[in-house]
Amino acid sequence: MQTLFVTRRLPAAIEELAAREFDARLTPSDVAITGLAAKANGADAVLCCPGDTLDAATIAAMPASVKVIGTFSVGYDHVDIAAAKARGIKVCNTPDVLSIATAECAMMLIMAAARRAGEGERLVRSGKWAGWAPTQLLGTQVSGRRLGIFGMGRIGREIALMARGFNMEIHYRDMTRLPPELEQGAIFHDNDDSFLPVCQVLSLNAPGGEGTRHWLNNERIGKLPQGAVVVNAARGTLVDDAALIAALRSGHIAAAGLDVYNGEPKLNPEYIALENVVLLPHLGSATTETRDAMGRIVLSGISALLAGETPRNQVA
Ligand code: DGY
């Protein structure tokens, strides 16, 4: 049996599956691992998670026994892919199975930010709610508005499907135009200047990494319409926090919904002081059925890669 080192506590069903299929070295901790390379000593494969550091130095220090890294996530910006390739280590992830859950989270952020659900919840819990009032916590209606999706991959397309149910007009910005069967009437933009001014609601759904670092910066925020709503359920690195915070303060951005942060679990403390931002703790894929499906697909990818096969969830 091959040895699998698991960096974090996983759902019970997945730990049981891992223990059936591998000599599994489980970790009963919910926090990002430190000293990963040393802890993986003797393992054939490592199952890691977002937040774990698999930078070039960690991968270079991995024991020679490690042939495969599987990440319990679709995003793999925490794994230095070039370093893994240089070491001959194969990498797999969890595509598709979390698209609906993550899209639901983005829709929840859109609704919560636009309709001021965070402020409302805090008001009720504070005990200071004095009852219904004609001018209380007036938000922005979402139905019938234009939704701009930056990154029209699998998650972006699920958001589009859900947002059509709210009668939203869907626009998207991506590197290439989708075929009509995937586009489903969404309006493609090949440049920011045509895309951003139409985004009454902007949803960030592109991958993290250097190519998209601080994509939502001061200049691009300036091109959004006054009173736009911004949500991010992708990666915190997509946002220049100082620029977004300034726009939330000035009211140019009416509200934001964030599930992910630069340097999470730390986040810019200025967000916490802002009433018009809804903050979630990276819950995008956090449903029982999704996390179980993520576990199954990453374990099957690891097995296939160890067997010399090419699973569809191989990323390197
Ligand atoms: C992913 O899979 O990349 C998510 O961010 C984890 O929920």
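Side-chain atoms are counted along with the backbone in the values below, which use heavy atoms only and exclude waters and symmetry mates. Everything numeric in this text was worked out from a predicted model, so none of it was measured.
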Give the minimum heavy-atom separation between R87 and A64, together with the two atoms involved. NH2-CA, 3.6 Å
Is the number of heavy atoms from other residues, nucleotides or ligands under 6.0 Å of Y271 OH greater than 12? yes
Salt-bridge criterion met for E119 and R122 (N-O under 4.0 Å): no
Between CD on residue Q200 and NE2 on residue H171, distance to nearest 0.5 Å: 8.5 Å
If I compare all heavy atoms of G51 with all of A32, which pair ends up nearest, and what's the gap? O-CB, 3.4 Å
Tell me whether R291 contacts the main-chain N or O of P11 through its side chain, where contact means a donor paired with an acceptor under 3.5 Å. no
Quick check: is F22 connected to I69 through a chain of hydrophobic side chains (ILVMFWY, heavy atoms under 4.5 Å apart)? no
Under the 3.5 angstrom rule, does the side chain of N276 hit a backbone N or O of A254 as a donor-acceptor pair? yes
Could you tell me the separation between the OG1 atom of T71 and the CG atom of D52, rounded to the nearest 0.5 Å? 7.5 Å
With side-chain contact (heavy atoms from CB on, under 4.5 Å) as the test, would you mind laying out the steps for V260 and E264 before giving the verdict? CA-CA 7 Å; V260 286; E264 66 184 58; 3.6 Å; yes
Could you check whether any side-chain N or O of N262 sits under 3.5 Å from a backbone N or O of G236, counting only pairs where one atom can act as donor and the other as acceptor? yes
When you check the side-chain N and O atoms of T58 and D55, is any donor under 3.5 Å from an acceptor? yes
Residues K223, E219: salt bridge by 4.0 Å N-O rule: yes
Side chain of S303, backbone of L299: donor and acceptor closer than 3.5 Å? yes
Rounded at 0.5 Å granularity, tell me how far CH2 in W215 sits from CG in N232. 10.5 Å
Is it the case that over 12 heavy atoms from other parts of the model lie below 6.0 angstrom from the NZ atom of K67? yes
Evaluate whether atom CZ of R157 has more than 12 neighbouring non-hydrogen atoms of other residues, nucleotides or ligands under 6.0 angstrom away. yes
Only counting residues at least two apart or in another chain, list the ones meeting ring pair (Phe, Tyr, Trp, His ring centres under 6.0 Å) with F188. Y172
Examine distances only and state if a side-chain atom of S250 and a backbone atom of A247 form a donor-acceptor pair shorter than 3.5 Å. yes
Hydrophobic clustering (ILVMFWY, side-chain heavy atoms < 4.5 Å, transitive) - are I89 and I81 grouped together? yes
Could you give the distance from CD (Q314) to CD1 (I302), rounded to the nearest 0.5 Å? 12.0 Å
Other residues, nucleotides, ligands: >12 heavy atoms within 6.0 Å of R9 CZ: no
Correct closest heavy-atom pair for F72 and V298 would be CD1-CG1, 4.1 Å
So R8 and T27, do their side chains get closer than 4.5 Å, heavy atoms only? no
V198 reachable from I253 in the ILVMFWY side-chain graph, under 4.5 Å edges: no
Heavy-atom side-chain proximity of L109 to V278 below 4.5 angstrom: yes
Note, R146 side chain near I187 side chain (heavy atom, < 4.5 Å): no
Roughly how far apart are D292 CG and L10 CG, rounded to 0.5 Å? 10.0 Å
R145 versus V229: any side-chain heavy-atom pair under 4.5 Å? no
Would R173 and D192 satisfy salt bridge (Lys or Arg N to Asp or Glu O under 4.0 Å), going step by step from the backbone distance to the final call? CA-CA 8 Å; R173 171 95 173 87; D192 294 337; 2.7 Å; yes
Measure from the side-chain N and O atoms of N313 to the backbone N and O of N93, and report whether any donor-acceptor pair falls under 3.5 Å. yes
Do other residues, nucleotides or ligands put more than 12 heavy atoms under 6.0 Å from I100 CD1? no
Step by step, work out the side-chain contact (heavy atoms from CB on, under 4.5 Å) result for I59 and V79. CA-CA 9 Å; I59 290 177; V79 182; 4.1 Å; yes
Please determine whether side-chain contact (heavy atoms from CB on, under 4.5 Å) holds for the pair R296 and V97, giving the CA-CA distance in whole Å, both sets of side-chain angles, and the decisive distance to 0.1 Å. CA-CA 10 Å; R296 286 192 296 270; V97 294; over 6 Å; no
Y76 atom OH: more than 12 heavy-atom contacts under 6.0 Å: no
Kindly say whether G70 contributes a backbone atom to a donor-acceptor pair with the side chain of K90 at under 3.5 angstrom? no
Locate the shortest heavy-atom distance separating H189 from S194; write the atom from each residue and the value. ND1-OG, 2.8 Å
Answer yes if L238 and L244 sit in the same cluster of Ile, Leu, Val, Met, Phe, Trp and Tyr residues linked by side chain heavy atoms under 4.5 Å apart, and no otherwise. yes
In this structure, CD of E275 is separated from CG of L137 (nearest 0.5 Å) by 9.0 Å
After noting the C-alpha distance and the side-chain angles of T53 and L36, does the key distance pass the side-chain contact (heavy atoms from CB on, under 4.5 Å) rule? CA-CA 8 Å; T53 302; L36 171 52; over 6 Å; no
Locate the shortest heavy-atom distance separating M294 from L98; write the atom from each residue and the value. CE-CD2, 3.6 Å
A side-chain contact here means heavy atoms from C-beta on lying under 4.5 Å apart; do L216 and L202 qualify? yes
Can you check whether I159 reaches L147 side chain to side chain, under 4.5 Å on heavy atoms? yes
Atom CE of M1: over 12 foreign heavy atoms under 6.0 Å: yes
So, does S65 use its side chain to make a donor-acceptor pair with the main chain of A43 at under 3.5 Å? yes
Are S203 and N205 linked by a side-chain donor-acceptor pair shorter than 3.5 Å? yes
Evaluate the side-chain proximity of I297 to R312: yes if any heavy-atom separation is below 4.5 Å, no if none is. yes
Is R235 reaching over with its side chain to a backbone N or O of T212, donor-acceptor style, under 3.5 angstrom? no
Looking at every heavy atom in both L204 and A234, which two are closest together, and how far apart are they? O-CB, 3.4 Å
Check for a donor-acceptor pair, side chain of R25 on one end and backbone N or O of K39 on the other, with a separation under 3.5 Å. yes
Close side-chain approach of N268 and Y261, heavy atoms under 4.5 Å: no
Test of understanding: clusters of I, L, V, M, F, W, Y form through side-chain heavy atoms closer than 4.5 Å, transitively. Do M111 and I155 belong to the same one? yes
